[in-house]
There are 4 protein chains.
Amino acid sequence: MTKSVVKMNDVQNEIKKIATNLKNNKDEGSKKRRIIAAAEQIFAQKGFFETTISAIAKEAGVAEGTIYEYFENKKDLLYAVPEQNTIEYADFALNHLQGIKGATNKIRKIIWFQLDYFRTHRNYTKLMILEIRRGPDYFKSKAYENLKLYSDLILTIIREGIRDGEIVSDVNPYIVRDMILGTIEHISIPWLVFGREIPIDDLVEDICKVIFSGLSLKDMTF
Amino acid sequence: MTKSVVKMNDVQNEIKKIATNLKNNKDEGSKKRRIIAAAEQIFAQKGFFETTISAIAKEAGVAEGTIYEYFENKKDLLYAVPEQNTIEYADFALNHLQGIKGATNKIRKIIWFQLDYFRTHRNYTKLMILEIRRGPDYFKSKAYENLKLYSDLILTIIREGIRDGEIVSDVNPYIVRDMILGTIEHISIPWLVFGREIPIDDLVEDICKVIFSGLSLKDMTF
Amino acid sequence: MTKSVVKMNDVQNEIKKIATNLKNNKDEGSKKRRIIAAAEQIFAQKGFFETTISAIAKEAGVAEGTIYEYFENKKDLLYAVPEQNTIEYADFALNHLQGIKGATNKIRKIIWFQLDYFRTHRNYTKLMILEIRRGPDYFKSKAYENLKLYSDLILTIIREGIRDGEIVSDVNPYIVRDMILGTIEHISIPWLVFGREIPIDDLVEDICKVIFSGLSLKDMTF
Amino acid sequence: MTKSVVKMNDVQNEIKKIATNLKNNKDEGSKKRRIIAAAEQIFAQKGFFETTISAIAKEAGVAEGTIYEYFENKKDLLYAVPEQNTIEYADFALNHLQGIKGATNKIRKIIWFQLDYFRTHRNYTKLMILEIRRGPDYFKSKAYENLKLYSDLILTIIREGIRDGEIVSDVNPYIVRDMILGTIEHISIPWLVFGREIPIDDLVEDICKVIFSGLSLKDMTF
DNA sequence: GATGAATGAGTTTTCATTCAT
DNA sequence: GATGAATGAAAACTCATTCAT
């Protein structure tokens with residue numbers, strides 16, 4: 001269980017640690033990895049209930065029974081899919097943030113990064129948003145724990161921004177985080193469903209405009 | 001298909017018109033309504049695939065075959081559920097906005113209203129967020145058209161705010177709308193899944209704080 | 001639950017009551033009866049585990065799904081098979097005993113009757129001996145309750161024989177009953193398995209000879 | 001194939017010969033013996049069809065494939081289990097009968113011995129009664145041949161009793177044998193299924209009472 | 001001889017949908 | 001319009017058996 005982590009370094013270390021662990025057993029039998037890859041694809045395409053084990057087996061080039069050598073059951077396989085990606089995701093984010101100064105810049109980068117990741121990992125994203133993050137089971141999964149780390153990373157950046165006087169002090173960091181994640185997700189759904197392209201750079205600008213400056217005219221806030 | 005509507009009054013009229021239509025044939029046979037009510041409940045509780053027609057029939061107090069008198073098939077029934085609610089929802093929103101002056105106040109009201117509606121219509125909300133808004137079928141449904149009206153309503157408010165000089169002119173109204181909807185939705189998911197209570201008033205404040213004033217210190221934006 | 005019954009009349013009445021009940025709902029839908037008849041045949045032929053639901057459905061001339069309209073699952077169907085036969089069996093026995101005087105004659109009749117029933121109901125018998133009477137589930141089944149009545153009938157006959165001075169007083173009636181049943185069953189197994197014919201009359205004589213007179217020479221018992 | 005043996009000594013010799021052979025290759029690789037021991041346990045516990053090869057392999061501490069080095073298939077393994085026990089059983093019986101004079105005493109001993117063996121070898125007994133002795137395959141197995149020797153032993157004792165004038169001459173020895181075996185078996189089933197204790201001494205008395213003296217009052221047989 | 005990963009045929013069970021009444 | 005018995009296709013999962021190492 002990840003307890004609430006507040007220091008940037010703590011979050012970083014946690015992510016790095018898990019990422020390294022996962023990378024090490026990444027090649028534990030190409031079979032397992034092929035099955036997960038196939039599952040990611042088919043689950044994302046058809047949804048959990050309309051995916052058949054037989055279709056995954058075919059795509060992975062293994063027999064149906066083989067899948068049950070590696071995974072308890074269909075649900076188990078579903079939750080196994082994002083385990084790798086979620087931590088990889090957090091790790092990527094971390095790398096992208098290297099050398100960036102200031103909370104504002106970091107947040108902008110986070111927004112850009114997430115949109116970009118969604119764009120380049122459509123299957124994974126569909127799976128996460130449309131299939132996995134429903135039902136209480138998700139909140140007990142490894143994937144959730146991993147994403148929690150990423151989510152903590154954002155929280156930490158916001159808090160440090162406040163501490164350093166770069167961000168106004170009276171905002172609720174949780175809400176800011178949820179706004180960032182929620183906005184991106186909401187914007188992404190039609191893209192995911194219809195497979196349209198995402199004009200990332202414009203989006204980042206538009207989102208940051210609101211997040212940083214708000215809607216009100218300056219003199220109205222006085 | 002609803003074409004893009006931009007005038008407040010246009011949106012209002014459209015919503016009123018549909019709402020009135022629906023209200024009129026609301027009592028077209030209590031059977032149909034009982035089936036829809038049962039479907040809403042069971043679909044929300046168990047999800048689309050784990051709901052059986054037989055369970056809905058039982059809950060509605062009709063025979064299984066009867067359901068097929070009113071609905072083509074299971075999916076058809078699923079999409080029929082939100083048809084009523086979505087327009088009712090838009091209509092409610094409209095009523096709540098009556099007499100409120102200024103885009104800022106209206107937006108604040110919208111945020112409050114939506115959180116409140118989610119809270120008081122948990123089944124409907126679960127259904128919409130977790131079941132219906134996936135798969136391209138949704139975007140062809142009546143429910144989508146209805147929600148589009150609500151969504152246009154928000155857009156119009158923002159645009160009028162810009163026109164009236166109450167809202168800064170360089171924001172993208174679509175993004176603002178998506179931020180509002182996305183944030184509320186993202187915050188709501190754990191509540192929906194776990195059935196926790198929602199501290200609405202605090203949330204509205206926290207969200208509005210960011211939406212209206214942004215994160216940056218005033219003098220930093222110069 | 002049948003409590004231990006000791007009076008001949010009590011046993012008789014109990015059996016008659018249940019037999020009548022069963023006869024009444026014997027025609028409750030020919031489908032159910034056809035399924036049970038098919039199940040009896042196939043289960044007896046192949047054994048429980050090597051019987052497929054599909055084979056039973058085919059034999060019964062119904063769809064596989066139909067079987068599940070009437071029975072919870074395969075095991076449930078297995079136990080449903082002997083429910084009718086067991087009480088019918090007890091009832092037949094009762095009828096055959098009508099007008100027979102004396103415990104000795106009744107016991108002889110019981111032995112004859114049971115061998116004859118086995119001969120004429122080979123499927124039922126195979127099922128009972130080889131499939132059903134294993135596993136603790138049997139002892140909770142209706143079939144067990146019914147056979148218990150039959151078994152009580154034998155006990156009662158023995159006890160009345162003792163009471164009337166026709167049977168020696170120092171025998172354990174339970175053991176006598178088990179000897180009768182066990183002997184017949186043991187003799188029957190090869191017949192059931194190989195489908196040979198049973199020379200009933202000789203068997204009855206041979207069994208009765210031992211049961212009534214024993215192995216010892218008369219003067220040796222003094 | 002064992003042809004019908006009638007002389008006590010012949011039966012004895014046959015049993016001794018086979019018993020000695022088996023004892024010699026008893027230690028032919030501890031693997032095989034461990035597999036058989038594991039199979040006996042699991043088959044008895046779960047029944048043939050609900051036992052998995054994997055469970056036996058685990059219990060025996062070998063790999064699944066290893067089992068197929070020693071046995072053709074699952075059925076083959078099932079029938080291999082009682083091969084040892086059955087002859088051991090016959091051999092034990094023989095030893096217990098040493099020095100006992102008279103058919104009556106020998107039969108009493110046989111009854112006691114068999115009940116005792118059942119009690120102390122519950123797994124083996126469950127396996128024999130509930131799993132193996134069904135289906136025509138059994139009658140072609142080594143176990144059947146071995147038990148046939150034991151069965152012949154009983155027959156021989158009865159015949160010698162008749163010859164020596166200790167047993168009445170007009171009984172059918174086969175029936176007597178089947179009565180002994182059938183009675184004990186029938187009494188044992190509930191014990192085996194529920195794991196209750198067996199009050200052997202009382203049982204032996206009660207059974208012998210009937211077998212030797214019969215139910216009829218002495219003067220009634222004249 | 002020993003292993004155990006891989007196989008894939010085979011089975012129970014579910015359930016949306018139909019249609020005769 | 002209403003019913004609900006009947007259908008049968010479809011799918012997850014199991015496990016005896018094989019075979020390359």
Side-chain angles (χ1 to χ4, degrees), chain A residues 29-32 34-35 48-58 60-77, chain B residues 28-29 31-32 35 48-58 60-78, chain C residues 29-32 34-35 48-58 60-77, chain D residues 28-29 31-32 35 48-58 60-78:
Chain A
S30 66
K31 282 260 167 63
K32 188 172 182 179
R34 255 160 53 213
I35 293 169
F48 177 71
F49 286 102
E50 280 171 322
T51 292
T52 64
I53 291 291
S54 126
I56 295 174
K58 203 171 166 187
V62 300
E64 292 178 42
T66 307
I67 290 178
Y68 290 88
E69 295 283 321
Y70 294 98
F71 305 94
E72 288 272 322
N73 50 42
K74 199 182 170 186
K75 203 118 209 166
D76 197 46
L77 174 55
Chain B
E28 44 144 321
K31 283 256 169 68
K32 188 172 183 181
I35 293 169
F48 178 72
F49 286 101
E50 280 171 320
T51 291
T52 63
I53 292 290
S54 129
I56 294 174
K58 201 174 167 186
V62 301
E64 294 175 46
T66 307
I67 290 179
Y68 287 86
E69 297 286 326
Y70 295 98
F71 306 94
E72 285 275 318
N73 52 40
K74 196 183 174 187
K75 204 116 206 168
D76 196 45
L77 174 54
L78 175 68
Chain C
S30 67
K31 282 260 168 64
K32 188 171 182 181
R34 255 159 54 214
I35 293 169
F48 177 72
F49 287 101
E50 279 171 323
T51 291
T52 63
I53 290 292
S54 125
I56 294 174
K58 203 172 166 186
V62 300
E64 292 178 41
T66 306
I67 291 179
Y68 288 88
E69 294 282 323
Y70 295 98
F71 306 94
E72 288 272 319
N73 52 40
K74 197 181 172 188
K75 203 118 207 167
D76 197 46
L77 174 54
Chain D
E28 45 146 322
K31 282 257 169 65
K32 187 172 182 178
I35 292 169
F48 177 71
F49 286 101
E50 281 173 318
T51 292
T52 63
I53 292 290
S54 129
I56 294 174
K58 201 173 167 188
V62 301
E64 294 175 45
T66 308
I67 290 178
Y68 288 85
E69 296 287 326
Y70 295 98
F71 306 94
E72 285 276 317
N73 52 39
K74 197 183 173 187
K75 204 117 208 166
D76 196 46
L77 173 54
L78 175 68

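In the text below, chain A, chain B and the rest are named by the order of the sequence lines, each starting its count at 1.
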Pairing annotation in dot-bracket form, given for DNA chain E with Watson-Crick or G-U pairs under 3.5 Å and | for cross-strand partners: .||||||||||||||||||||
Interatomic distance, [X] atom [atom1] to [Y] atom [atom2] [nearest 0.5 angstrom]:
X       : Y       : atom1 : atom2 : result
C:Thr66 : C:Ile56 : OG1   : CD1   : 13.0 Å
C:Asp76 : C:Ile67 : CG    : CD1   : 12.0 Å
C:Leu77 : C:Lys32 : CG    : NZ    : 10.0 Å

Using every non-hydrogen atom in the two residues, find where [X] and [Y] come nearest and quote the distance to one decimal.
X       : Y       : answer
C:Ser54 : C:Glu64 : CB-OE2, 3.5 Å
C:Tyr70 : C:Lys31 : OH-CB, 3.6 Å
D:Thr51 : D:Lys74 : O-NZ, 2.8 Å

Over 12 foreign heavy atoms within 6.0 Å of NZ, C:Lys58: no
Could you tell me the separation between the [atom1] atom of [X] and the [atom2] atom of [N], rounded to a whole number of Å?
X       : N      : atom1 : atom2 : result
A:Glu72 : F:dA12 : CD    : C1'   : 14 Å
B:Tyr68 : F:dT7  : OH    : C1'   : 13 Å
A:Lys74 : F:dA11 : NZ    : P     : 9 Å
A:Phe48 : F:dA12 : CZ    : C1'   : 10 Å
A:Glu64 : F:dA10 : CD    : P     : 14 Å

Comparing D:Ile53 and B:Ala63 on DNA chain F - which has the more 5′ nearest nucleotide: B:Ala63
Closest-nucleotide 5' rank along DNA chain E - winner of A:Thr66 and B:Asn73: A:Thr66
Of A:Ile67 and B:Phe49, the one whose closest DNA chain E nucleotide lies more 5': A:Ile67
Outermost DNA chain E nucleotides near chain B [under 4.0 Å, heavy atoms]: E:dC15 to E:dT18
